[in-house]
Novice: 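What follows is a single structure, and I will ask about it in a moment.
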Amino acid sequence: MKHRMSHRKQWVNAVGALIALTAVFFLTLSHREVAPPKVPSESNPVPYVVQKLANLVPKDSMTSKPVVEPTIYEQLPELTYLFALSSDGHTLSPRPSYSRRNLALRRIQAEPLTDGLLEELHGFLLNSTGLDKNGRSDLVEASIKNDLIEWLEDQRPPIESLTSTLVALSEDPAQPDVIRDYAIQHMGSWAELLNESTVPWQSGALVELTEQLWVATDLKEHSFAGTALLSLRRLKGELSARIQQRAKEILENSEYSSLSRATALQLFADRDSQGAFSYSRELLGPESPPELRLTAIGLIGAHSLNVEPLDAPSLQNDPRFAIALANARRQIELRNAENGGEG
């Protein structure tokens, strides 16, 4: 009995000792200092998986900075050279040459024509800063804009917004004359292209273009009215009676520029050569502007059998008309030779 009690006492003492040791272990562990996390280094690199996950997160997200989208100028630096403008709208100095700007245009043409790019191109066309240092039309600027319009006209499907841009250019008095004239010219070619299109907005655009071209025939300065007549003929596909009548009215109105009146005379001759011949004889006098006299000489050479009108005193010994007179005389002589006689 005593032997059994002694074994039980030993077992109890052993369990107690084990409990005491366990308590001391956990007490010691709770008082240990926690080591700081290891910093990646050459000897302790970041695990490969962690690196891959970090690369999947945008850098700005990692730094809590807002994501800033690149501007159109940052995406397409060639726009700076095409427009000859910095991204903040200042004119480049010195201005790029035509060849450099044309190169920029060709590079832009290789890019997708996004809505953002199209908006910038329309904005450039409508920008009226197209004058040189002397206040005259900058022919490089005008040529680049003309090239750009031609490219936009060639896009398929057709660009609906091009109609309103051309109309706005044609009626903006702040635009240089040559650019307004280009716009009126392109309104005719654009309408001709739309005539062959089936886009749903075709009819509305043609109405708008036609109305604006008739309005342009009232513009007495520069060559606007004459260019509008030519565009109307192109739009209609023929020289209608209405266009013919408007040409006659412009021809007879001295308030119109000589350039427009010269164009009107040529159009008038297309339907009424004899009537145009009569006008031409009247326009050979010294009171007529040189442009009109040159046109009249050409029409007489094209339709007359008689060289007598070309002997007008106001035309002799004037180097401005010498070549035109010689060509007209040669045409009349050839025509008379074919008819078996001379006038």
Side-chain angles (χ1 to χ4, degrees), residues 71-194 209 212-213 216 219 221-224 226-228 230-231 234 259:
T71 66
I72 190 72
Y73 283 87
E74 291 171 333
Q75 297 176 42
L76 299 172
E78 287 297 319
L79 285 177
T80 297
Y81 294 99
L82 174 62
F83 299 164
L85 295 172
S86 62
S87 58
D88 55 1
H90 291 90
T91 302
L92 296 184
S93 181
R95 290 172 67 84
S97 64
Y98 172 79
S99 59
R100 181 62 184 89
R101 296 179 72 176
N102 184 262
L103 173 62
L105 175 58
R106 285 185 276 118
R107 287 175 173 171
I108 294 298
Q109 290 170 351
E111 300 291 335
L113 186 56
T114 63
D115 291 342
L117 175 56
L118 184 59
E119 182 179 355
E120 290 293 330
L121 296 177
H122 281 305
F124 166 62
L125 289 174
L126 294 171
N127 189 335
S128 59
T129 57
L131 302 178
D132 63 17
K133 61 183 180 180
N134 298 314
R136 295 189 296 264
S137 294
D138 186 333
L139 296 182
V140 170
E141 185 87 357
S143 297
I144 286 295
K145 289 187 175 183
N146 184 61
D147 295 343
L148 174 56
I149 293 172
E150 287 181 350
W151 177 63
L152 292 176
E153 284 181 338
D154 289 339
Q155 299 307 298
R156 295 295 178 273
I159 300 172
E160 183 175 5
S161 55
L162 183 57
T163 300
S164 58
T165 294
L166 291 176
V167 169
L169 278 174
S170 71
E171 61 185 4
D172 182 6
Q175 292 288 341
D177 290 343
V178 65
I179 292 178
R180 290 182 70 187
D181 201 73
Y182 278 153
I184 295 172
Q185 175 184 329
H186 280 291
M187 285 163 67
S189 58
W190 181 231
E192 187 177 38
L193 289 169
L194 291 182
L209 290 167
Q212 188 59 34
L213 285 172
L219 300 174
E221 65 275 20
H222 199 55
S223 57
F224 301 142
T227 303
L230 293 173
S231 289
R234 189 169 187 176
L259 292 173

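Excluded from the calculations below are hydrogen atoms, water molecules and symmetry mates; all remaining heavy atoms, backbone and side chain alike, are included. Computed from a predicted model, the values in this text were never measured in an experiment.
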Novice: What distance separates L121 CG from L79 CG, expressed to the nearest 0.5 Å?
Specialist: 7.0 Å
Novice: Determine, stepwise, if the pair E150 / K145 fulfils salt bridge (charged side-chain N to carboxylate O under 4.0 Å, His left out).
Specialist: CA-CA 9 Å; E150 287 181 350; K145 289 187 175 183; over 6 Å; no
Novice: D147 vs R101, test: salt bridge (charged side-chain N to carboxylate O under 4.0 Å, His left out). Steps then yes/no.
Specialist: CA-CA 10 Å; D147 295 343; R101 296 179 72 176; over 6 Å; no
Novice: Should L92 and L85 count as side-chain neighbours, where that means a heavy-atom distance under 4.5 Å?
Specialist: no
Novice: Mind telling me whether Y73 and F83 have parallel, tilted or perpendicular rings, with 30° and 60° as the class edges?
Specialist: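 Geometry flag for Y73 against F83: perpendicular rings.
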Novice: Report yes if some heavy atom in the side chain of F224 is under 4.5 Å from a heavy atom in the side chain of L259; otherwise report no.
Specialist: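 The answer is no; the side chains never approach within 4.5 Å.
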Novice: Begin from the C-alpha positions of N146 and H186 and carry the test side-chain contact (heavy atoms from CB on, under 4.5 Å) through to its verdict.
Specialist: CA-CA 9 Å; N146 184 61; H186 280 291; 2.6 Å; yes
Novice: Using atom types as modelled, flag every donor-acceptor pair under 3.5 Å from a side chain in residues 111-119 to any protein atom, sequence neighbours excluded.
Specialist:
from, atom 1, to, atom 2, distance (Å)
T114, OG1, L117, N, 3.1

Novice: Do W190 and T163 come close enough that some side-chain heavy atom pair is under 4.5 Å?
Specialist: yes
Novice: CH2 of W151 to CG of D154: how many Å apart, nearest 0.5 Å?
Specialist: 10.0 Å
Novice: Using a distance-only test with no angle check, is there a side-chain donor-acceptor pair under 3.5 angstrom linking S189 and E153?
Specialist: yes
Novice: Minimum heavy-atom separation for A104 to Y81, with atom names?
Specialist: CB-CB, 3.9 Å
Novice: Measure the CD-CG distance between E141 and D138 for me, rounded to the nearest 0.5 Å.
Specialist: 5.5 Å
Novice: Looking at side-chain heavy atoms only, is the closest gap between I159 and H122 below 4.5 Å?
Specialist: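 In contact.
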Novice: Holding to side-chain hydrogen bond (donor to acceptor under 3.5 Å, both in side chains), I want the full list of residues that pass it with S99, two or more places apart in sequence or in another chain.
Specialist: S97
Novice: So, do R107 and L76 sit near enough that their side-chain heavy atoms are less than 4.5 Å apart?
Specialist: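 The answer is no, as the side chains (C-beta and beyond) never meet within the 4.5 Å cut-off.
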